[in-house]
Amino acid sequence: MTLPFLTPLDVPTLRAQGVPAPFAFGQADRVRFHELDALDHVNNARYLSWFETFRIAYLRSYGISDYADAAGRPVLVLRSVAVDYRAPLYLEDVYIVAGRTRAYRNTSWTMEYAVFSAGRLCATSEAVIVLMERDFVTRKRLPDTYVAAFRDRDGAVFEG
């Protein structure tokens, strides 16, 4: 099967590629030469870029922002991120980044990510994202639309 790159994949395609539930959103890409390190596998820092690229597609799909105009974009701060590297990826490997919101609070949410290649789990990650006012100091309450999308599409739970 040929996967479209950097395009949201539907659930049947994710499952056919070995991406398990509860992940219902993912996108594929291919490892490029500039992503390799001296050991000839993907540099650890590149995974963070992959998660960021994924996150923008996720936020667009979930109606958080279309990122069309700077004035209307939400102010999101990546509060923390952790990555667990499980298996290396090499040049030209096709991979899928899948992710979901696992939990939410009043002003933040926790996302979990996973990277799969040929049905093999290559990395996992967890990130906390905080919604801020434009002053970048004051936290902003999550709109009901965010909460509904996280809960209805990902099964996220409130961790108050």
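Everything numeric in this text was worked out from a predicted model, so none of it was measured.
Between Val130 and Leu76, every side-chain heavy-atom pair lies at or beyond the 4.5 Å cut-off.
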Distance-only check: which donor-acceptor pairs under 3.5 Å involve side-chain atoms of residues 37-45, not counting sequence neighbours?
residue : atom : partner : partner atom : Å
Asp37   : OD1  : Leu39   : N            : 2.9
Asp37   : OD1  : Asp40   : N            : 3.3
Asp37   : OD1  : His41   : N            : 3.4
Asn43   : OD1  : Ala45   : N            : 2.8

Would you mind writing out the side-chain donor-acceptor pairs for residues 58-65 within the sub-3.5 Å range, not counting sequence neighbours?
residue : atom : partner : partner atom : Å
Tyr58   : OH   : Thr101  : N            : 3.3
Tyr58   : OH   : Thr101  : OG1          : 2.6
Tyr58   : OH   : Asp154  : OD2          : 2.4
Arg60   : NE   : Asp66   : O            : 3.2
Ser61   : OG   : Arg153  : NH2          : 3.1
Tyr62   : OH   : Asp154  : OD1          : 2.5
Ser65   : OG   : Tyr67   : N            : 3.0

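Asp135 is linked by a side-chain hydrogen bond (donor to acceptor under 3.5 Å, both in side chains) to Thr138, counting only residues two or more places apart in sequence or in another chain.
One finds no salt bridge joining Glu92 and Arg32 here, because no Lys/Arg side-chain nitrogen approaches an Asp/Glu carboxylate oxygen to under 4.0 Å.
No more than 12 heavy atoms of other residues, nucleotides or ligands lie within 6.0 Å of CZ in Arg141, so this atom counts as exposed by the packing criterion. Atom CZ of Phe5 sits in a crowded spot, with more than 12 heavy atoms from other residues, nucleotides or ligands closer than 6.0 Å. Applying the 6.0 Å contact sphere to CD of Glu52 captures no more than 12 heavy atoms from other residues, nucleotides or ligands. Under a cut-off of 6.0 angstrom, the local environment of CG in Asp144 is sparse, with at most 12 non-hydrogen atoms contributed by other residues, nucleotides or ligands.
Pairing each heavy atom of Arg134 with each of Ala71, the nearest pair is NH2-O, 2.7 Å. Residue Ala156 comes nearest to Ala103 through the heavy atom pair CB-N, 4.1 Å, listed as atom of the first residue, atom of the second, then distance. Closest approach of Arg100 and Pro22 over heavy atoms only: NE-CG, 3.3 Å. Summarising the geometry of Pro143 relative to Leu131, their closest heavy-atom pair is CD-CD2, 3.7 Å, with the distance given to 0.1 Å. Here the shortest heavy-atom pairing between Ala24 and Leu14 reads C-CD1, 3.7 Å. Contact detail for Val83 and Ser125: the closest heavy-atom pair is CG2-OG, 3.8 Å.
Taking OG from Ser108 and CZ from Arg105, the interatomic distance works out to 6.0 Å, rounded to the nearest 0.5 Å. Interatomic distance, Tyr90 OH to Glu35 CD, rounded to the nearest 0.5 Å: 15.0 Å. Between the CG atom of Leu3 and the CD atom of Gln27 there is a distance of 11.5 Å, given to the nearest 0.5 Å. To the nearest 0.5 angstrom, Arg79 atom CZ is 11.0 Å from Met132 atom CE. Separation of atoms SG (Cys122) and OH (Tyr85) is listed at 12.5 Å; rounding is to 0.5 Å.
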Item to complete: Decide yes or no on side chain to side chain contact (heavy atoms under 4.5 Å, CB included) for Leu142 and Asn106, but give the supporting numbers first.
Response: CA-CA 6 Å; Leu142 296 183; Asn106 291 325; over 6 Å; no

Fill in: side chain to side chain contact (heavy atoms under 4.5 Å, CB included) evaluation trace for Arg86 with Thr124
CA-CA 8 Å; Arg86 298 174 177 240; Thr124 59; 3.7 Å; yes

Fill in: Worked verdict on Glu133 versus Arg139 for salt bridge (charged side-chain N to carboxylate O under 4.0 Å, His left out)
CA-CA 6 Å; Glu133 296 288 353; Arg139 289 177 173 234; over 6 Å; no

Discussion item. Evaluate Leu89 against Arg120 for side chain to side chain contact (heavy atoms under 4.5 Å, CB included), listing each step before the verdict.
Written reply: CA-CA 10 Å; Leu89 286 166; Arg120 175 182 60 152; 3.9 Å; yes

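The same ILVMFWY cluster, assembled from side-chain heavy atoms under 4.5 Å apart, contains both Ile129 and Phe25. Hydrophobic clustering of Ile, Leu, Val, Met, Phe, Trp and Tyr side chains at less than 4.5 Å, counting indirect connections, keeps Phe51 apart from Val128. One hydrophobic cluster holds both Phe54 and Trp109 under the rule that ILVMFWY side chains link at heavy-atom gaps under 4.5 Å. Residue Val97 is grouped with residue Ile56 when hydrophobic side chains (ILVMFWY) are merged at heavy-atom distances under 4.5 angstrom, including chains of intermediate members. Tracing side-chain contacts under 4.5 Å through hydrophobic residues (I, L, V, M, F, W, Y), one never reaches Val115 starting from Leu6; they form parts of separate clusters.
Aromatic pair Tyr95/Trp50: ring centres closer than 6.0 Å. Aromatic rings from Phe158 and Tyr104 are positioned such that their centres are separated by under 6.0 Å.
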